[in-house]
Amino acid sequence: MSALGPVLGIESSCDETAAAVLAPDGRILSEVVHSQLQEHARFGGVVPEVAARAHLQRLPELTARAMREAGVAFQDLAGVAATSGPGLIGGLVVGACFGKGVALAHHLPFVAVNHLEGHALTVRLTNPETEFPYLLLLLSGGHCQCVAVEGLGRYRRLGTTLDDAVGEAFDKSAKLMGLPWPGGPYLEKLAREGDATRVSLPRPMVGRQGCDFSFSGLKTAVARALAQGAEKADVAAAFQHSVAAVLADRARHALAMLPGARALVVAGGVAANQAVRQALNAVAEGAGVPLIAPPIRLCTDNAVMIAWAGLLRLQAGVQDRLDHAPRPRWPLDEMSLTPA
């Protein structure tokens with residue numbers, strides 16, 4: 001890697017406010033995250049206006065703390081990287097404007113980072129031996145995609161969800177079962193008490209060509225099963241079993257679409273689900289490639305991945321103008337090494 005200074009990363013795309021500082025060799029000098037669970041729990045989901053206000057309130061202190069813990073002065077940074085899409089526009093504006101302000105005040109380069117690129121490249125930070133190309137399976141509350149990662153700024157979306165993201169399906173199904181928000185971890189815990197064979201649920205898109213996803217029909221089937229008196233634990237187990245089967249089938253198809261893949265990489269909050277991991281590991285073994293998942297804290301929204309993507313772009317000679325506009329929708333396959 002080239003001899004740049006440390007990079008400050010800022011993440012504010014949804015309901016996590018985060019800041020991190022990375023050394024030029026990728027060492028994590030500091031990482032600070034404030035989860036907004038308490039702010040949103042009483043609403044049963046993320047409220048964009050509440051999220052934006054929380055980012056505005058927390059970000060200055062979190063950034064100062066990250067810099068103190070890293071032992072780095074602002075003038076010693078090589079640049080500032082901030083999530084600029086996709087995500088909730090209010091949060092993106094807060095984080096991007098704050099990052100631009102730091103960059104402007106200290107005469108530093110600014111990098112507008114695509115949140116999805118951060119997820120796509122994290123494995124190269126935690127598992128640097130991972131070679132391009134690899135298949136990324138991004139599984140979160142807002143995204144469900146199969147992406148061919150062929151290099152920095154080189155991504156091809158092979159498949160995506162036609163309706164709900166997989167994490168959204170977990171949360172909505174958990175809500176139908178009367179579980180707290182966010183529902184994914186609670187549903188996984190409840191599923192351990194159930195028997196998936198007692199409830200028949202569909203496996204949308206399984207066996208079809210390509211690697212697109214669909215989960216809205218599965219959510220409807222969950223509602224129907226509960227209305228018919230099925231035990232919640234059994235429904236939870238059947239739901240999780242169906243989702244794991246769908247993800248495994250879609251990953252298998254995606255690997256066939258990327259025959260040179262060196263690895264199957266999974267990221268996003270749903271990557272923490274053990275049934276999903278087991279199903280994907282079987283797919284990877286069958287394809288003769290490793291299944292690689294970054295540590296859970298780096299699979300969910302975090303500023304380390306934003307600083308890492310910014311560092312790689314700066315080392316490639318890329319920076320963005322301070323008038324770069326945040327984008328609530330920013331497809332990963334529109335990325336390149338040309339500044340926005």
Side-chain angles (χ1 to χ4, degrees), residues 6-22 30-36 39 46-67 72 74 77-122 140-143 152-153 155 300-314 316 318-332 334-340:
V7 172
L8 168 66
I10 294 168
E11 159 61 21
S12 62
S13 64
C14 190
D15 60 338
E16 307 284 351
T17 311
V21 180
L22 258 62
S30 66
E31 53 179 315
V32 183
V33 180
H34 169 71
S35 173
Q36 297 180 10
E39 285 94 332
V46 178
V47 180
E49 177 65 18
V50 173
R53 289 179 179 273
H55 291 310
L56 187 62
Q57 178 183 7
R58 301 279 184 175
L59 195 50
E61 188 278 328
L62 285 179
T63 301
R65 178 180 161 191
M67 294 294 290
V72 173
F74 282 105
L77 292 171
V80 181
T83 303
S84 297
L88 302 177
I89 189 61
L92 294 173
V93 168
V94 170
C97 286
F98 183 84
K100 291 174 185 178
V102 173
L104 182 63
H106 298 281
H107 308 287
L108 298 170
F110 172 75
V111 182
V113 173
N114 183 311
H115 178 88
L116 304 183
E117 184 171 47
H119 279 302
L121 296 174
T122 297
S140 70
H143 305 282
L152 178 64
Y155 314 101
T300 54
D301 294 351
N302 65 90
V304 170
M305 70 179 188
I306 304 305
W308 175 240
L311 174 63
L312 294 178
R313 287 188 159 263
L314 286 170
V318 178
Q319 67 181 77
D320 294 284
R321 293 165 52 96
L322 293 180
D323 61 357
H324 179 277
R327 298 177 57 180
R329 295 185 181 277
W330 193 1
L332 190 53
E334 291 183 7
M335 298 298 296
S336 70
L337 290 182
T338 302

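These values consider heavy atoms only, across backbone and side chains, with no hydrogens, waters or symmetry-generated copies. For this chain, numbers begin at 1 and follow the sequence in order. This structure is a prediction, so every number in the text was calculated from the model and none was measured.
Annotation: side chain to side chain contact (heavy atoms under 4.5 Å, CB included) contacts of V93 (sequence neighbours excluded): I89, C97, P326. Checked against side chain to side chain contact (heavy atoms under 4.5 Å, CB included), V47 has the following partners two or more places apart in sequence or in another chain: H40, F43, V50. Partners of T122 by side-chain hydrogen bond (donor to acceptor under 3.5 Å, both in side chains), not counting sequence neighbours: none found. Residues that satisfy the ring pair (Phe, Tyr, Trp, His ring centres under 6.0 Å) test with H119, not counting sequence neighbours, are H115. Scanning for side chain to side chain contact (heavy atoms under 4.5 Å, CB included) contacts around A20 gives E31, A303, V304, with sequence neighbours left out. For E16, there are no salt bridge (Lys or Arg N to Asp or Glu O under 4.0 Å) partners, not counting sequence neighbours. For R327, the side chain to side chain contact (heavy atoms under 4.5 Å, CB included) partners at least two apart in sequence or on another chain are W330, P331, E334.
Shown here for A309 and V113, the closest heavy-atom pair between the two residues is CB-CG1, 3.8 Å. Among all heavy-atom pairs drawn from L92 and G85, the shortest one is CD2-N, 3.5 Å. Of all heavy-atom pairs spanning A52 and G91, the tightest one is CB-N, 4.0 Å. The two residues L62 and A18 make their nearest non-hydrogen contact at CD1-N, 4.4 Å. A pairwise comparison of heavy atoms in S12 and H55 identifies O-NE2, 3.3 Å as the closest pair. Contact record, S84 with H324: CB-CE1, 3.7 Å, taken as the closest heavy-atom pair.
No side-chain heavy atom of S35 sits less than 4.5 Å from a side-chain heavy atom of D15. Here the side chains of P86 and N114 are in contact, with some heavy-atom distance below 4.5 Å. Counting heavy atoms from C-beta on, the side chains of I10 and I306 never come closer than 4.5 Å. Counting only heavy atoms from C-beta outward, the side chains of F74 and L8 approach each other to under 4.5 Å. By the 4.5 Å heavy-atom criterion applied to side chains, M67 and V21 are counted as neighbours.
Note that CE of M305 and OG1 of T300 are 8.0 Å apart. Values are rounded to the nearest 0.5 Å. The NE2 atom of H143 lies 4.5 Å from the CG atom of L116; values are rounded to the nearest 0.5 Å. To the nearest 0.5 Å, atoms CG (L56) and CZ (F98) are separated by 10.0 Å.
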### From CA spacing to verdict: side chain to side chain contact (heavy atoms under 4.5 Å, CB included), W308, N302
CA-CA 11 Å; W308 175 240; N302 65 90; over 6 Å; no
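A salt bridge links E117 to R313: at least one charged side-chain nitrogen sits closer than 4.0 Å to a carboxylate oxygen.
A side-chain contact (heavy atoms from CB on, under 4.5 Å) with V80 is found for one member of T63, L314, L108 and no other, namely L108.
Judged by distance alone, with hydrogens and angles left aside, the side-chain atoms of T17 form no donor-acceptor pair with the main-chain N or O of L59 at under 3.5 Å.
For residues 82-102, no pair satisfies salt bridge (charged side-chain N to carboxylate O under 4.0 Å, His left out), with sequence neighbours left out. Among residue pairs with one or both ends in residues 54-64, none qualify as salt bridge (charged side-chain N to carboxylate O under 4.0 Å, His left out); sequence neighbours excluded.
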